[in-house]
Asker: 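Handing you a structure now.
Note that the coordinates shown come from a computational prediction; the quantities given were computed from them, not determined experimentally. In what follows, chains carry the letters A, B, and so on, assigned in the order in which the sequence lines appear, proteins first and then strands, with residues in each chain numbered from 1.
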Amino acid sequence: MKTHKLTRFLLPCGGLLLIGLLWWAASATVSKELPSPWKTWEDSKVYVLRPFEKRGETDQGIGLLAYYSLVRVAKGFLLGIALATPLGLLIGISNPFYRMLDPAIQILRPISPLAWLPLGLILFRHSEPAALFTIAICSMWPTVLNTMAGVRSIPHDYWNVAKVLRLSPVQTLTKVLIPAALPNIFTGYRLSLGIAWLVIVASEMLTGTAGIGGFLWQEYNSLVYAHILLCMLTIGIVGFALDRLMGAVEARLRSA
Amino acid sequence: MSFIELRNIRKIYRTPKTERHVLEGVNLTVDEGEFVSIVGYTGSGKTTLLGIASGLIPPNAGRITIGGRTVEGFYPEAGIVFQNYSLLPWFSALENVCLAVGAAFPGWPATRRLRQATRYLEMVNLGNAMHKRPSQLSGGMRQRVAIARAFAVEPRVLFLDEPFGALDALTRVNLQQELHQLCLQAERPVTVFMITNNVDEAILLSDRIVPMTRGPRATLGPGIPVPLPRPRTASLLLHDERAVRIHSSVVRLLTGFAHDGNLPVHHASSPARASRTRPAEAEA
């Protein structure tokens with residue numbers, strides 16, 4: 001039991017330490033431009049220790065920047081799943097719709113956010129809706145595919161129950177289909193949220209909006225490399241936290 | 001007056017590569033209020049026949065009528081109990097029954113639906129476990145919920161697909177008895193169409209037993225009436241001479257099918273051989 005706890009705590013720490021060492025080694029030898037871990041901390045501690053301080057439009061605490069990005073991701077993600085869930089249910093239920101839409105989805109799915117963003121700018125002419133459009137469209141596919149898979153894997157028995165009890169289409173949807181597919185739907189949501197968070201950086205970098213990705217690009221242009229690393233670490237930690245959060249929701253649904 | 005009528009039913013399951021001719025020339029009539037059991041080997045197509053009779057599975061040929069109406073899609077005034085319970089795991093026992101009641105009587109107010117569902121759950125002795133989910137119930141309790149769900153819609157016809165097949169021997173006997181009581185207590189006569197592979201169960205519950213030949217191209221043998229007085233109990237039937245005789249004629253018909261696959265000559269009236277030992281009841 002004791003060793004189990006030890007390995008559960010110490011091994012992940014060891015992994016992180018290893019990355020830190022590599023970072024330090026790279027900054028000390030190959031790339032003199034790369035700030036060392038210690039210098040990164042020195043240069044960015046004002047952002048971390050006072051995370052919600054707004055000193056100016058281009059100079060804000062890291063918590064505030066992450067918050068802007070999270071709000072944008074939340075909007076894009078919600079828009080994405082609001083479109084993706086019904087679409088997934090539809091192509092899960094109906095074979096003709098599946099045949100019709102599956103190739104289109106498979107073609108749209110691998111298109112990079114960097115490619116969608118210009119299209120968004122052309123369509124909406126403003127950077128904010130373009131960013132939301134990009135997040136929504138890139139993050140919706142895992143939800144579409146998982147919802148579809150969830151519906152298609154519903155045991156035949158449940159369909160029989162709906163038939164035998166003569167449930168109306170609405171009842172079949174709310175009492176049988178959605179509850180049965182819910183664990184899969186939430187797996188889709190978790191993957192979608194991960195992608196939405198990935199896309200945020202690209203879309204903020206290209207549109208120059210305020211947020212963690214926008215800040216990263218701004219600091220690169222002003223040659224403050226330590227802040228780039230700070231942004232990267234923040235993005236990673238926030239993404240990890242989001243995934244864990246959705247994972248916890250998903251686990252609850254599966255056990256229920 | 002025949003209530004359920006099956007005429008020349010044929011069923012073939014086709015996949016691109018294979019073809020399974022399951023049923024051929026199945027004819028059956030069931031009177032209103034009659035309890036008929038189809039007894040046969042596993043895999044002979046009994047469940048398919050029940051699916052066809054209830055309207056869940058369309059046949060390749062033949063015609064089904066219930067109460068003079070041609071059956072297309074699941075018959076509206078029927079209840080069904082599946083072998084594997086088929087309860088919705090995200091609902092409690094009560095919610096499962098309520099869902100069925102609500103769908104069968106959409107005009108009823110919520111309180112009346114709840115009363116109906118509660119009443120039927122109490123009839124199968126689940127008054128204390130109504131709010132539990134299927135995963136928290138034992139196999140016997142789950143099947144009780146399924147039986148309550150089927151009866152709560154006050155069906156004219158009840159289809160039972162090996163309803164006790166997945167249960168242990170003792171639970172099985174208890175539930176058979178409860179089902180027997182429910183059928184006797186029903187406010188209007190319920191016509192029951194049961195599938196089973198257990199001859200004793202069929203004798204306990206049925207008015208008539210119809211053996212099914214082995215597949216492929218399974219069909220029904222001659223029906224054997226069960227003119228025993230009700231209420232019946234499993235222990236009484238053990239020593240009832242007529243029950244023993246019926247048992248042996250059913251078994252003889254079935255084993256006859258097993259050997260040549262064809263319909264043997266009907267010997268229902270021949271006396272049971274004294275040497276024939278009954279299989280242990282625990283086989284149930």
Asker: Atom OH of residue position A/Y67 - does it have more than 12 heavy atoms of other residues, nucleotides or ligands inside 6.0 Å?
Answerer: no
Asker: Surrounding CZ of A/F97 (heavy atoms of other residues, nucleotides or ligands, distance under 6.0 Å), is the total greater than 12?
Answerer: no
Asker: What residue, out of A/N160, A/V161, A/L182, A/V164, has the most heavy-atom pairs lying under 4.5 Å from chain B?
Answerer: A/V164
Asker: Nearest 0.5 Å please: distance from the NZ atom of A/K175 over to the CG atom of B/L99.
Answerer: 6.0 Å
Asker: State whether the number of non-hydrogen atoms from other residues, nucleotides or ligands found under 6.0 Å of A/R244 atom CZ is greater than 12.
Answerer: no
Asker: Taking all non-hydrogen atoms of both residues into account, name the closest pair between A/R166 and B/Y75 and its distance.
Answerer: NH1-O, 3.3 Å
Asker: Counting only heavy atoms not in A/F240, do more than 12 sit closer than 6.0 Å to its CZ atom?
Answerer: no
Asker: Under 4.5 Å from any heavy atom of chain A, what part of B/A150 do you find: side chain, backbone, both or neither?
Answerer: neither
Asker: Of all the heavy-atom pairs spanning A/Y158 and B/L87, show the shortest one and how long it is.
Answerer: CE2-O, 3.8 Å
Asker: Just checking B/R20: does its CZ atom have more than 12 heavy atoms from other residues, nucleotides or ligands closer to it than 6.0 angstrom?
Answerer: no
Asker: Mark yes or no for whether B/W90, through its side chain, and A/V176, through its backbone, hold a donor-acceptor pair below 3.5 Å.
Answerer: no
